[in-house]
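Reading through the structure tokens given below for one structure.
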2 protein chains.
Amino acid sequence: MEETNDRGAAPGPVVPGGGTGGAGGAGNAAAAVAAGELPGGRARPKTGKSEQTRAAILGTAMRLFQERGYDRTTMRAIAQEAGVSVGNAYYYFESKEFLIQGFYDLMTQDHARDATARMEGMRDFAERLETALASWLDCAAEYHGFAAQFFRTAADPDSSLSPFSNESHPARATAVALFADVLGGSDLAPKLDAELAELLPDLLWLHLMAVVLYWVFDRTEDTARTREFVRRSTPLVARVIAVSRYRAFRPLVRDATSLIQDFILPAIGRTPLPAPPAPAGKGRR
Amino acid sequence: MEETNDRGAAPGPVVPGGGTGGAGGAGNAAAAVAAGELPGGRARPKTGKSEQTRAAILGTAMRLFQERGYDRTTMRAIAQEAGVSVGNAYYYFESKEFLIQGFYDLMTQDHARDATARMEGMRDFAERLETALASWLDCAAEYHGFAAQFFRTAADPDSSLSPFSNESHPARATAVALFADVLGGSDLAPKLDAELAELLPDLLWLHLMAVVLYWVFDRTEDTARTREFVRRSTPLVARVIAVSRYRAFRPLVRDATSLIQDFILPAIGRTPLPAPPAPAGKGRR
DNA sequence: AGCCAAAGTTGAACGTGTTCAAAACACTCC
DNA sequence: GGAGTGTTTTGAACACGTTCAACTTTGGCT
């Protein structure tokens with residue numbers, strides 16, 4: 001072993017809360033990292049110490065991703081700036097992509113909180129839906145730069161990070177629960193066919209995924225185009241749903257519903273199992 | 001699909017038509033490689049020689065991708081089996097992903113040919129559409145293993161390989177043209193609103209993209225589930241289109257149409273712009 | 001205190017995609 | 001033939017994600 005253990009001088013990992021550079025300015029999600037969640041790693045903590053290290057790594061990664069983009073941020077850089085070794089980063093995150101997963105989980109929670117707050121008091125379904133989607137755009141805004149990377153992995157069926165894969169982390173459940181609330185808190189809910197009401201949360205989540213896809217490809221300033229798209233498309237969605245009750249649309253809606261039930265929902269991991277009622281708001285497992 | 005490795009030990013690049021043409025390892029697409037297309041590389045050929053090298057590399061890559069999967073196929077292995085150096089492979093293909101693009105272009109042409117042939121004589125729109133989609137599933141079947149990789153890059157807006165990106169290679173145009181034919185050759189075409197008929201080819205292409213997404217995640221034997229999904233969903237799509245003419249649906253259809261025209265089509269590169277002459281510029285990132 | 005297993009941490013090493021300066025080749029014009 | 005020019009080919013070198021065997025720290029136990 002070399003006696004020139006330069007590392008000796010370096011202190012331990014960065015301290016939890018303010019450690020990440022004080023005025024750094026990472027977003028809400030990154031800030032929440034330090035709070036001590038436990039999204040997707042593999043560590044089984046006994047002391048809070050390891051949580052700190054984990055948070056330091058994730059926080060640093062997010063900051064660097066924002067600053068330089070995903071591809072140009074190396075694991076070595078993350079480790080160095082977080083004050084740990086490369087191997088240590090891999091002790092907490094199975095791979096570089098898992099860092100994104102860790103971030104995505106946090107952002108999803110941010111979104112659920114923010115959207116719920118914003119919808120407070122609103123009863124009109126279209127309005128609620130638009131608010132929820134706009135909220136997502138705001139929560140995600142600062143990460144637009146490297147969000148593409150997340151979507152890339154989302155499209156990989158082999159990756160356990162894909163939101164479409166069965167065992168996909170709590171993030172999906174949280175998001176779907178939010179949309180259940182979007183519908184449930186609206187004046188539209190009681191008027192709907194029970195069967196349709198059952199499907200809608202998942203469908204609305206799919207709708208969000210489509211919006212996200214749009215957003216990822218949107219290169220306009222502040223993703224203004226996506227915002228406009230949401231503004232224009234949401235009322236239409238609401239109208240389609242509202243109108244589905246009328247006689248003329250019934251046969252079509254019926255067939256579509258059963259198609260979705262048989263093919264779409266199972267594909268996104270919503271097996272027709274005796275699902276326990278998920279309490280809206282806290283998405284833990 | 002014989003596994004006869006008849007090209008193996010040749011020192012130089014594989015011979016032109018005969019090499020792959022003979023017993024050929026890979027499927028139709030790979031065979032067509034040798035024909036001398038010029039999909040997505042960067043070479044500006046003067047002799048036919050370089051085409052041979054290019055085809056040898058692409059063909060070998062496809063074979064190895066099928067045999068071992070995308071990730072477990074190294075550029076070194078491709079180069080070695082194709083009888084060229086690593087650097088040479090990069091001379092013809094900007095990156096490993098571009099190999100997939102080269103393949104995708106070929107498969108798209110296969111599909112267009114096959115689907116057109118199969119639809120011969122059919123007039124019913126639903127039937128034509130289902131045939132076209134089933135044809136795609138058949139053409140793509142043998143590549144299911146590494147198709148995921150293609151879809152991964154498709155979701156990356158920074159990659160010029162994305163079918164959603166503006167300058168996306170001829171493959172998209174070919175596919176859209178096919179769907180225009182699906183519609184145009186059907187008895188439904190004359191009955192349709194002109195505006196709607198204008199949109200439909202692109203929309204149907206989007207529909208295909210959705211099916212592809214489903215297919216990528218489908219793990220059933222021979223992707224039976226996707227096939228069933230197509231069988232069930234196609235009539236519904238046809239009915240929605242057919243029914244859109246009736247008075248009750250008009251306002252909805254109108255709004256949807258304009259929404260699509262304003263937001264969806266431009267996003268997939270169908271800008272109603274004054275169309276500059278010939279953007280010969282190669283896609284960079 | 002001493003011991004031990006588990007948790008945490010390290011950095012060198014490996015495999016792989018990619019780059020690049022130089023060599024080999026092909027072709028044209030003198 | 002030879003000089004000049006553009007194309008094709010080479011393989012060593014580089015950067016990065018990832019692995020791993022060994023080391024250090026922690027905390028419970030006697």
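Predicted, not measured: the structure shown is a model, and the values here were computed from it. Values below: every heavy atom of this structure, side chains too, minus hydrogens, waters and symmetry copies. Chain letters run A, B, ... following the sequence lines, proteins first and then strands; every chain starts at 1.
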(request) Quickly work out the A:Tyr91 OH to C:dG11 C1' distance and round it to whole Å. (result) 17 Å

(message) Does any part of the side chain of A:Leu206, heavy atoms only, come nearer than 4.5 Å to the side chain of A:Asp202, both counted from C-beta?
(response) no

(request) Return the minimal non-hydrogen interatomic distance between A:Tyr143 and A:Met107, and the atom names on each side. (result) CD1-SD, 4.1 Å

(message) Using side-chain contact (heavy atoms from CB on, under 4.5 Å), reason through A:Asp71 and A:Phe146 one step at a time and then give a plain yes or no.
(response) CA-CA 9 Å; A:Asp71 281 327; A:Phe146 68 91; over 6 Å; no

(request) Please check if atom CZ in A:Arg72 has more than 12 non-hydrogen atoms from other residues, nucleotides or ligands closer than 6.0 Å. (result) no

(request) Indicate whether any N or O donor in one side chain lies under 3.5 Å from an N or O acceptor in the other, for B:Thr223 and B:Asp218. (result) no

Under 3.5 Å, which N/O atoms of the protein pair with N/O atoms of nucleotides 17-21 of chain D?
unit_1, atom_1, unit_2, atom_2, d
D:dG17, OP1, A:Thr73, O, 3.4
D:dG17, OP1, A:Lys96, NZ, 2.6
D:dG17, OP2, A:Met75, N, 2.7
D:dG17, N7, A:Arg76, NH1, 2.8
D:dG17, O6, A:Arg76, NH2, 2.6
D:dT18, OP2, A:Tyr90, OH, 2.7
D:dT18, OP2, A:Lys96, N, 2.9
D:dT18, O5', A:Tyr90, OH, 3.4

(request) May I ask you to verify if any side-chain N or O of A:Tyr92 is less than 4.0 angstrom from the OP1 or OP2 atom of C:dT9? (result) yes

(request) For A:Ile57 and C:dG8, give me the distance from atom CD1 to atom P, rounded to whole Å. (result) 11 Å

(request) Determine the minimum heavy-atom distance between B:Tyr70 and B:Ile100, stating which atoms define it. (result) CE1-CD1, 3.4 Å

(request) Quickly work out the B:Ile78 CD1 to C:dT18 P distance and round it to whole Å. (result) 10 Å

(message) What is the distance, to the nearest angstrom, from the CZ atom on B:Phe93 to the P atom on C:dT19?
(response) 15 Å

(request) Figure out the CG/C1' separation between B:Leu99 and C:dG17, and round it to whole Å. (result) 12 Å

